Amino acid sequence: MKIFLDTANLDEIRKGADWGIVDGVTTNPSLIAKEGRPIEEQVRMICDIVDGDISAEVVATEASEMIREGQKLAKIHKNIVVKLPLIRDGIKACAALSKEGIRTNVTLCFSANQALLAAKAGAYIISPFVGRLDDISHDGMELIHNICTIYENYGFKTQVLAASLRHPLHVQDSALAGAHIGTMPFKVLDMLFNHPLTDRGLDQFLKDHAKAFQETGAKR
Ligand code: G3P
């Protein structure tokens, strides 16, 4: 499963990229707004840090405006993927942009039928929101399973990007379900490293090593 960071914060993206495990970045208007720079400027800077798919979302809600905005965003950098909300006009814009060879990420997906529509429109990525479904007592992970099954049944090329992942178990379950991509906040990515037995084991290794070589005075 590819790992994407779900943030527009450059420090977080630099830290993640430095580990060598970040395959791409997803942003949305809320995440861009937090950073205080125009979207064009912010995503260009993100493209300079990570060489992978970088999603930039349109804010128009009418198809022809979405298409214009998408074309403009796609010109910023070759790695830009145009993010479109899963509304009727968004699907129409997705079909048009896909025909032009512009890659799209259809977002705010909360049902398997919506994901089917996005795939039919030629979406490059579909973004089902796991955490937000869990928030309203629906099983977010079941949606990832269902979309993966439907896409496999019909050979759709659209990649399933598990979004709104809030904790490490969401990441593990998305990978088990067969999601192609998982996008997560930096905090969640950082948590994936943690295991108390790793810390305890390393501590013991280093203590044993230090003790042996201090006692014998042997060279390492
Ligand atoms: O980028 C969209 C999605 O990942 C948002 O997550 O935690 O705000 O539901 P969340």
Side-chain angles (χ1 to χ4, degrees), residues 1-13 15-17 21-37 39 42-43 45-47 49-50 52-61 66 69-70 73 79-87 90-91 93-94 103-112 114-115 118 123-148 158-175 177 179-192:
M1 185 172 77
K2 287 184 201 157
I3 289 183
F4 283 16
L5 273 175
D6 195 26
T7 179
N9 183 275
L10 301 179
D11 290 337
E12 291 183 343
I13 294 167
K15 273 191 227 163
I21 50 166
V22 172
D23 302 300
V25 175
T26 48
T27 69
N28 61 39
S30 310
L31 294 171
I32 293 286
K34 273 196 213 165
E35 303 308 315
R37 279 195 200 95
I39 183 168
Q42 195 68 22
V43 294
M45 290 167 98
I46 295 172
C47 289
I49 304 171
V50 173
D53 292 340
I54 312 296
S55 288
E57 189 163 341
V58 304
V59 287
T61 53
M66 290 168 124
E69 210 182 320
L73 288 171
N79 288 347
I80 293 289
V81 176
V82 176
K83 214 167 166 189
L84 303 158
L86 210 157
I87 53 175
I91 291 298
C94 174
R103 296 173 311 151
T104 57
N105 173 354
V106 177
T107 189
L108 289 168
C109 170
F110 294 96
S111 80
Q114 289 181 322
Y124 172 66
I125 288 172
I126 182 71
S127 288
F129 280 29
V130 176
R132 291 193 193 185
L133 277 171
D134 288 355
D135 287 345
I136 58 159
S137 304
H138 282 249
D139 186 350
M141 207 47 70
E142 194 188 0
L143 176 60
I144 303 293
H145 278 279
N146 289 345
I147 298 173
C148 287
T158 306
Q159 296 177 80
V160 180
L161 181 153
S164 185
L165 303 182
R166 307 268 178 79
H167 50 72
L169 206 51
H170 271 161
V171 179
Q172 179 181 304
D173 289 343
S174 299
H180 303 89
I181 308 161
T183 193
M184 63 205 78
F186 178 81
K187 195 179 114 198
V188 175
L189 177 62
D190 190 50
M191 283 195 278
L192 300 186

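Worth saying up front: this structure is predicted, and the values here are computed from it rather than measured. Atoms within a ligand are numbered from 1 in the order they appear, just like the ligands themselves.
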Engineer: Looking only at heavy atoms, is any part of Met184 under 4.0 Å from ligand 1, and if so is it the side chain, the backbone, or both, or is it neither?
Structural biologist: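 Under 4.0 Å from ligand 1, Met184 contributes no heavy atoms.
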Engineer: Give the atom numbers and elements of ligand 1 that come within less than 4.0 Å of a heavy atom of Arg132.
Structural biologist: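 Answer, ordered by atom number: 5 (C), 8 (O), 9 (O), 10 (P).
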Engineer: Do any N/O atoms on Thr183 end up under 3.5 angstrom from N/O atoms on ligand 1?
Structural biologist: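 N/O-N/O distance under 3.5 Å: no.
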Engineer: Tell me which one of Asp6, Asn105, Thr104, Thr26 satisfies side-chain hydrogen bond (donor to acceptor under 3.5 Å, both in side chains) with Ser55.
Structural biologist: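 Looking at Asp6, Asn105, Thr104, Thr26, the match for Ser55 under the side-chain hydrogen bond (donor to acceptor under 3.5 Å, both in side chains) is Asn105.
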Engineer: Find the distance between CD (Glu12) and CD1 (Ile46) and round it off to the nearest 0.5 Å.
Structural biologist: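 Between Glu12 CD and Ile46 CD1, I get 10.5 Å after rounding to 0.5 Å.
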Engineer: Find out whether Leu86 and Ile126 are in side-chain contact, i.e. whether some heavy atom of one side chain is under 4.5 Å from a heavy atom of the other.
Structural biologist: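 Yes - at least one pair of side-chain heavy atoms lies under 4.5 Å apart.
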Engineer: Which of the atoms in ligand 1, numbered in the order shown and given with their element, are less than 4.0 Å from a heavy-atom of Arg166?
Structural biologist: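 Within the 4.0 Å cut-off of Arg166, ligand 1 contributes 7 (O), 9 (O), 10 (P).
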Engineer: So for ligand 1, is Ser164 a polar contact partner (N or O within less than 3.5 Å, distance only)?
Structural biologist: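 Yes: some nitrogen or oxygen of Ser164 is under 3.5 Å from one in ligand 1.
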Engineer: Is it true that Asn28 lies under 4.0 Å from ligand 1, counting heavy atoms only?
Structural biologist: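 The answer is yes: ligand 1 sits under 4.0 Å from a heavy atom of Asn28.
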Engineer: Which residue owns the protein heavy atom closest to atom 3 (C) of ligand 1, what's the atom, and how far is it?
Structural biologist: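 Atom 3 (C) of ligand 1 sits closest to the protein heavy atom Asp6 OD2, 3.4 Å.
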Engineer: Is any side-chain heavy atom of Glu35 less than 4.5 Å from a side-chain heavy atom of Asn9?
Structural biologist: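 Glu35 reaches Asn9 side chain to side chain.
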Engineer: Just wondering, do Asn79 and Val50 contact through their side chains at under 4.5 Å, heavy atoms?
Structural biologist: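 With C-beta onward as the side chain, the pair stays apart.
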Engineer: Do His170 and Met141 have side-chain heavy atoms sitting under 4.5 Å apart?
Structural biologist: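 Result yes, sub-4.5 Å side-chain heavy-atom pair found.
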Engineer: Just which atoms of ligand 1 are under 4.0 Å from any heavy atom in Ala163?
Structural biologist: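 What qualifies from ligand 1 is 4 (O).
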Engineer: What are the atoms of ligand 1, with element, lying closer than 4.0 Å to any heavy atom of Phe129?
Structural biologist: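 In order of number, 2 (C), 3 (C).
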Engineer: Are the side chains of Lys187 and Arg166 in contact, using a 4.5 Å heavy-atom criterion?
Structural biologist: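 A side-chain contact under 4.5 Å is absent here.
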Engineer: Give the atom numbers and elements of ligand 1 that come within less than 4.0 Å of a heavy atom of Lys83.
Structural biologist: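 Those qualifying, in numeric order: 1 (O).
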